[in-house]
Amino acid sequence: EVDWFSLTGVILLLCFAPFIVFFFIMACDQYQCSITHPLLDLYNGDATLLTIWNRSPSFTWAAAKIYAIWVTFQVVLYMCVPDFIHKILPGYVGGVQEGARTPAGLINKYEVNGLQCWIITHALWVANAQYFHWFSPTIIIDNWIPLLWCTNILGYAVLICFLPTQKT
């Protein structure tokens, strides 16, 4: 059972999180990361919500393509590359590990290969910057705000697609 305070907090967070992200993006882009200045501009009438929205960087399909390629690459790494780092690094727990017990009493097994995927991703990034030149090493900074929009869109899409259904 969840109390009303917790439920209200979670609902407010889910409803206002995109606006909070937009507020910080807008504050950094238009107001040199000042959090109070945009609020003062709105209060004083120097800006309206529409003018602030129109000046803000928006979602781009180029960023969506970049993000989709990166997420797909990470999924392929997770699904296809077994962990071997746990055999090299003493004390690192990787490989196939048991998860927590579910309410049904099952214990699922997971491939723990996040550190290895991180190392592979960064090694390829450095190799690309030095040798391959497939894309600009500054691709993230060049598309920072549109990529941030993509992360929020994916996050909410996953939330909506995997909402638990209430069984009565």
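When reading the values below, keep in mind they use all heavy atoms of this one structure, side chains included, and skip hydrogens, waters and symmetry mates.
The closest donor-acceptor contact from the side chain of Asn128 to the backbone of Leu124 lies at 3.5 Å or more, if one exists at all. At distances below 3.5 Å, not a single donor-acceptor pair connects side-chain atoms of Thr138 with backbone N or O atoms of Asp142. Checking side-chain atoms of Asn113 against main-chain N and O of Gly95 turns up no donor-acceptor pair under 3.5 Å. No donor-acceptor pair closer than 3.5 Å links the side chain of Glu111 to the backbone N or O of Met79. The main-chain N or O of Leu42 is never found under 3.5 Å from a side-chain atom of Asp46 such that the two would form a donor-acceptor pair. Although no hydrogens or angles enter the test, the distance criterion places no donor-acceptor pair under 3.5 Å between the side chain of Asp29 and the main chain of Ile25. Put simply, the side chain of Gln116 gets close to the backbone of Pro82: a donor and an acceptor are under 3.5 Å apart. Between the side chain of Asn108 and the backbone N or O of Gly99, no donor-acceptor pair lies under 3.5 Å. A donor-acceptor contact shorter than 3.5 Å is absent between the side chain of Thr51 and the backbone of Ala47. Under a 3.5 Å cut-off, the side chain of Asp83 and the backbone N or O of His86 do form a donor-acceptor pair.
Between Ile85 and Tyr92 there is a side-chain heavy-atom pair separated by less than 4.5 Å. Taking 4.5 Å as the limit, every side-chain heavy atom of Thr60 sits out of range of all side-chain heavy atoms of Trp149. Taking the side chain as every heavy atom from C-beta outward, Ile139 and Leu147 never approach each other to under 4.5 Å. By the 4.5 Å heavy-atom criterion applied to side chains, Gln30 and Pro38 are not counted as neighbours. Here the side chains of Ile153 and Tyr67 are not in contact, with every heavy-atom distance at 4.5 Å or above.
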Intermediate values then yes/no, ring pair (Phe, Tyr, Trp, His ring centres under 6.0 Å), Phe135 and Trp125: CA-CA 9 Å; Phe135 54 85; Trp125 188 272; 5.1 Å; yes
Evaluation steps, side chain to side chain donor-acceptor pair (under 3.5 Å), between Tyr31 and Asp41: CA-CA 10 Å; Tyr31 293 94; Asp41 273 3; 3.0 Å; yes
Before you tell me yes or no, could you show the steps for Ile140 and Ile66 under side chain to side chain contact (heavy atoms under 4.5 Å, CB included), namely the whole-Å CA-CA distance, both residues' side-chain angles and the distance that decides it to 0.1 Å? CA-CA 9 Å; Ile140 294 174; Ile66 294 165; over 6 Å; no
For residues 5-23, tabulate all N or O donor-acceptor pairs below 3.5 Å that involve a side-chain atom, not counting sequence neighbours.
{"residue": "Ser6", "atom": "OG", "partner": "Asp3", "partner atom": "OD1", "Å": "2.9"}
{"residue": "Ser6", "atom": "OG", "partner": "Asp3", "partner atom": "OD2", "Å": "3.4"}
{"residue": "Thr8", "atom": "OG1", "partner": "Trp4", "partner atom": "O", "Å": "2.7"}

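Under the 30°/60° scheme for interplanar angles, the aromatic rings of Trp134 and Phe132 are found to lie parallel.
We find the SG-CZ distance between Cys33 and Phe24 to be 10.0 Å, quoted to the nearest 0.5 Å. A distance of 6.0 Å separates CD1 of Ile52 from CG of Leu49, quoted to the nearest 0.5 Å.
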